[in-house]
Amino acid sequence: MSEAKDQNENFDAESENQPEAANEQPTADALGQAEAILNEAGADVDETEAQQGEASATETELRNDLLRLQAEYVNYRKRVERDRAVARESAVQSVLTTILPVLDEIDAARAHGDLTDGPFAAIANKLDTILVQHGLERINEAGVEFDPNIHEALLRQAVPEVPADHVGQVLRNGYRKGTTVLRAAQVLVATGE
């Protein structure tokens with residue numbers, strides 16, 4: 001019995017110590033758990049900040065790529081439009097250049113009085129109107145100052161009432177489209193004597 005009494009006392013002593021240990025253990029566990037939660041939260045915050053930093057860097061990189069692509073597309077579109085305009089202008093100039101001998105024949109017929117009226121005169125007038133709409137200009141003025149950019153001097157001769165270094169007579173019309181000279185006018189240049 002004394003043995004049972006000793007066990008009972010030991011059990012009571014352990015029971016008394018256990019509530020204190022039980023009280024201490026949940027507190028220690030709670031602190032440990034809180035510490036673990038804070039550590040995880042801190043790691044999550046660091047991880048979230050790292051992810052946000054990576055996302056921000058990725059977003060900035062993608063935005064820069066998009067801006068670069070937009071700029072390339074705008075440049076490409078401008079270049080294509082410019083190339084189209086140049087190709088169209090070149091095609092028009094090529095057609096006009098091939099028609100110049102026909103225009104010379106029409107001018108010769110007019111000078112001889114063959115195109116004063118009739119159907120061929122109407123056709124020649126319509127052709128002139130169409131060519132003017134496409135920007136073709138004649139270089140055929142006499143009395144203007146000689147310009148080697150638009151005139152080709154064939155002769156130098158004294159021409160009454162025309163000052164020196166001016167066009168005395170146009171021998172063959174020249175043509176230009178805008179600022180481009182398709183063919184220089186062949187002229188007689190006055191000497192001013």
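- With D107 as the fixed residue, the side-chain hydrogen bond (donor to acceptor under 3.5 Å, both in side chains) test singles out one of H112, R172, R138: R138.
- Interatomic distance, CD of Q70 versus CG of L66, reported as 4.5 Å (0.5 Å rounding).
- Each of V167, L171, D147 was compared with V187 under the side-chain contact (heavy atoms from CB on, under 4.5 Å) criterion, and only V167 meets it.
- The CG atom of L127 lies 13.5 Å from the CZ atom of F120; values are rounded to the nearest 0.5 Å.
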From CA spacing to verdict: side chain to side chain contact (heavy atoms under 4.5 Å, CB included), Q157, Q169: CA-CA 10 Å; Q157 191 174 22; Q169 181 183 359; 5.9 Å; no

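- The closest donor-acceptor contact from the side chain of S94 to the backbone of S90 lies at 3.5 Å or more, if one exists at all.
- To the nearest 0.5 Å, atoms CG (L188) and CG (L154) are separated by 8.5 Å.
- Across every non-hydrogen atom of A190 and P163, the tightest pair is CB-O, 3.5 Å.
- Note: the hydrophobic cluster containing V170 also contains V144 (ILVMFWY, side chain heavy atoms under 4.5 Å, direct or indirect links).
- Note: the hydrophobic cluster containing L155 also contains V159 (ILVMFWY, side chain heavy atoms under 4.5 Å, direct or indirect links).
- Using a 4.5 Å heavy-atom cutoff, the side chains of K177 and V92 are in contact.
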Test log, rule side chain to side chain contact (heavy atoms under 4.5 Å, CB included), inputs H151 and I139: CA-CA 8 Å; H151 299 119; I139 304 171; 4.1 Å; yes

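- Salt bridge present: R156 and D165 bring a charged side-chain N and a carboxylate O closer than 4.0 Å.
- L136 places a side-chain heavy atom less than 4.5 Å from the side chain of L182.
- In this structure, E137 CD and T179 OG1 are separated by 10.0 Å, a value rounded to the nearest 0.5 Å.
- Between the side chain of H134 and the backbone N or O of V132 there is no donor-acceptor pair closer than 3.5 Å.
- Under the 3.5 Å distance criterion, the side-chain polar atoms of D114 are left unmatched by any main-chain donor or acceptor of R110.
- Atom CD of E81 has more than 12 neighbouring heavy atoms from other residues, nucleotides or ligands inside a 6.0 Å radius.
- Closest heavy-atom contact between L115 and A124: CD1-CB, 4.0 Å.
- Under a hydrophobic-cluster definition in which Ile, Leu, Val, Met, Phe, Trp and Tyr are linked whenever side-chain heavy atoms come within less than 4.5 Å, directly or via other members, V181 and L100 are assigned to different clusters.
- The 12-atom threshold is not exceeded at CG of D117, counting heavy atoms of other residues, nucleotides or ligands nearer than 6.0 Å.
- Y175 OH to N140 CG: the interatomic distance, rounded to the nearest 0.5 Å, is 7.5 Å.
- Ion pairing between a basic and an acidic side chain is recognised when a charged N comes within 4.0 Å of a carboxylate O; R183 and E152 show no such pairing.
- With respect to E59 and R63, a salt bridge is recorded, a charged nitrogen being found less than 4.0 Å from a carboxylate O.
- Note: T180 OG1 to L96 CG = 11.0 Å, rounded to the nearest 0.5 Å.
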